[in-house]
Amino acid sequence: MSPLLSHTLKASRGRLIAGASLLVMALLVGVFLLPDASTTLDQKLRAKSAAESARDKQAQRLTDLQHLSDRIQRGQQTLSDLEARLPKGSTGELQWQLSGVLHDLSTKAGVQLQTVKYGQPSKEESKGTGLETIQVEFTVSGLYPSIKTFMRDLEGSGLPFAVEDARLEESPEGARLTGMLRAFRKAAQAESGDGA
């Protein structure tokens, strides 16, 4: 065998051994490292998905809390506005104001204001409110559509009251509405205004 051929054969054998070694290492990498890399990638994808889900839940909770905060602020503003509109005068001045509004609204709606009765002022049971209430009972008669208009106008009048009761009955004049209102004012202002 010629030395050149022997040398070529040795070089080929070396390349064959090197190639086989690389192939074995590649198979080992494929068998051991690729599944581990796939598992790691899968874990990372699941962690990312869980983190995105948690982020979305937190964002939704933050949005819900912001809506709640906005509602609370609107409620506080409504209470402040209502308190600012509470009558500043005496019980008599509040009764005069209510009588004037009831008369004006009944005239505007085309119904007849028959009676207006006022109860005695009483302090609200709720502690810390400083509110005083007066019950107002009134009766109006007329046609049903006119009475309906009267009640809508009364509810939109801006007066500090709540409707406690309303009864609609038939009468010779058409229909008769007996309503019971509870009007509010600041008790501390009432005491100073009445000289008590």
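Numbering starts at 1 and runs along the sequence shown.
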(Q) Are more than 12 heavy atoms, taken from residues, nucleotides or ligands other than E170, located less than 6.0 Å from that residue's CD atom? (A) no
Q | Spacing of I17 atom CD1 and L22 atom CG [to the nearest 0.5 Å] | A | 12.0 Å
**Q.** Joint hydrophobic cluster, V163 plus L177, side-chain heavy atoms closer than 4.5 Å
**A.** yes
Q. At what distance, to the nearest 0.5 angstrom, does CD of Q95 lie from CD1 of I134?
A. 5.0 Å
(Q) To the nearest 0.5 Å, what is the distance between CG on L65 and CD on Q58? (A) 9.5 Å
Q: May I ask you to test the E137-T115 pair for a side-chain heavy-atom distance under 4.5 Å?
A: no
(Q) Within this structure, what is the NZ-CD distance for the pair K117 and Q135, rounded to the nearest 0.5 Å? (A) 12.5 Å
(Q) For V111 versus G142, what's the shortest heavy-atom pair and its separation? (A) CG1-CA, 4.5 Å
Q.
Under a 3.5 Å threshold, yes or no: a donor from one side chain and an acceptor from the other, between D56 and Q60?
A. no
Q. Cluster question for you: counting only ILVMFWY and a side-chain heavy-atom cut-off of under 4.5 Å, with indirect links fine, are L168 and F150 together?
A. yes
(Q) So Y118 and L98, do their side chains get closer than 4.5 Å, heavy atoms only? (A) yes
Q) Is there side-chain contact between R74 and R71, with at least one heavy-atom pair below 4.5 Å? A) yes
Q: Determine whether R55 and E52 make a side-chain contact, defined as any pair of heavy atoms from C-beta on separated by less than 4.5 Å.
A: yes
Q. Can you check whether A59's main-chain N or O pairs, donor with acceptor, with T63's side chain at less than 3.5 Å?
A. yes
Q) How many angstroms lie between CG in L105 and CE in M151, if you round to the nearest 0.5 Å? A) 10.5 Å
Q. Counting only N and O atoms by type, is there a donor-acceptor contact under 3.5 Å from the side chain of S53 to the main-chain atoms of S49?
A. no
Q.
A side-chain contact here means heavy atoms from C-beta on lying under 4.5 Å apart; do R152 and T149 qualify?
A. no
Q: To the nearest 0.5 angstrom, please state how far the OG1 atom of T139 sits from the CE atom of M180.
A: 9.5 Å
Q | Non-hydrogen atoms of I147 and V140 that approach each other most closely | A | CD1-O, 4.3 Å
Q. Under 6.0 Å from the CD atom of E169, do we count more than 12 heavy atoms belonging to anything else shown?
A. yes
Q | Which atom of S146 lies closest to which atom of A109, heavy atoms considered | A | CB-O, 3.3 Å
